[in-house]
Amino acid sequence: MEVRFREFNPFNCWIWMRFPHPLGSGERGYLETAFDSWFFLGKLGGFNAENLQAHEEGAELGWMAYSHETAASALPALMHNMGPMEYQDDWARCWLDLGTSDAFALDVLINALGQLNNDVLEIEELLIGGLNDDWPIEEQPEAMFAGLDLIYDQDEHTDEDADDEDEDASGNRAWS
């Protein structure tokens, strides 16, 4: 499974997966269950890198003193929203508003999909962020900060990019 990151906006993020063939209903069930489980943990704040006490303790966890004060002082790291899994030919995609969850959440997803790839279904490519030209998207109405991706994109490009011819009729830039 090849993993690649593209343009990334945590409040408007598409995750794309390419398979060697279109998925059957059983394979779709495994994939959707993995995403639903991952999102549910994120919605509950499970991917908070400020509170990884057991991980930071190391290999010896016996009689570890867990600090409720440390846990309570960590800023919330909550995922906000997830759209339905969509399929087209040998591709699947899912839209997410990762909210304030930490990048640690993406590592957990990549690890889980890697194991799914090893045991259940072959994932040729996992793309995090960006767009696919051959499968257009519509802006997600559930996005807490809809349109923020335009600000992200404009901030990342210099005036030299103004000569690019990727503008629509209204003069808006189209970055992918």
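Here, residue 1 is the first one in the sequence, and each next residue gets the next number. Worth saying up front: this structure is predicted, and the values here are computed from it rather than measured.
Side chain of Glu86 to backbone of Ala92: no donor-acceptor contact under 3.5 angstrom is found. When atom types are taken as modelled, the side chain of Thr100 and the backbone of Leu78 share a donor-acceptor pair closer than 3.5 angstrom. A donor-acceptor pair is defined here as one N or O able to donate and one able to accept, closer than 3.5 Å; such a pair exists between the side chain of Glu50 and the backbone of Leu75.
A perpendicular orientation is assigned to the rings of Phe104 and Phe47, their planes being inclined by more than 60° (bins at 30° and 60°).
One distance of note links CG of Asn12 with CD of Glu7; it measures 12.0 Å at 0.5 Å rounding. Between the CG atom in Leu98 and the CE atom in Met82 there is a gap of 11.0 Å [rounded to 0.5 Å]. Here Leu41 contributes atom CG and Phe39 contributes atom CZ; the two are 11.0 Å apart, rounded to the nearest 0.5 Å. Taken from CG in Leu23 to CD in Glu32, the straight-line distance is 9.0 Å, to the nearest 0.5 Å. Taken to the nearest 0.5 Å, the CE atom of Met1 stands 8.0 Å off from the CG atom of Asn118. To the nearest 0.5 Å, atoms CZ (Phe35) and CE (Met85) are separated by 4.0 Å.
Side-chain contact between Phe19 and Trp91: absent, with no pair of heavy atoms (C-beta onward) separated by less than 4.5 Å. Side chains of Cys13 and Phe8 form a contact here, defined as non-hydrogen atoms less than 4.5 Å apart. Residues Glu27 and His21 are in side-chain contact: their nearest non-hydrogen atoms beyond the backbone lie under 4.5 Å apart. Residues Leu96 and Trp38 have side chains in contact (heavy-atom distance under 4.5 Å, counting atoms from C-beta outward).
Neither side chain, Trp95 nor Asn81, offers a donor N or O lying under 3.5 Å from an acceptor on the other. Counting only N and O atoms by type, the side chains of Asn51 and Tyr66 include a donor and acceptor under 3.5 Å apart. Of the N and O atoms on the side chains of Asn132 and Arg6, at least one donor lies less than 3.5 Å from an acceptor on the other residue. Gln115 and Asn111 share no side-chain donor-acceptor pair at under 3.5 Å.
In this structure, Leu109 is a member of the same hydrophobic cluster as Phe5, with clusters built from ILVMFWY side-chain heavy atoms closer than 4.5 Å.
When each of Leu113, Asn117, Leu121 is checked for a side chain to side chain contact (heavy atoms under 4.5 Å, CB included) with Met17, only Leu113 meets the rule. Tested against Arg4 for a side chain to side chain contact (heavy atoms under 4.5 Å, CB included), the candidates Ile128, Leu127, Leu126 yield a single pass: Leu127.
Among residue pairs with one or both ends in residues 56-66, none qualify as salt bridge (Lys or Arg N to Asp or Glu O under 4.0 Å); sequence neighbours excluded.
Closest of all the heavy-atom pairs between Asn48 and Ala74 is ND2-CB, 3.8 Å. Of all the heavy atoms in Ala34 and Leu116, the pair that sits closest is CB-CD2, 4.4 Å.
In this structure, Phe40 places its CZ atom where only 12 or fewer heavy-atom neighbours from other residues, nucleotides or ligands lie under 6.0 Å away.
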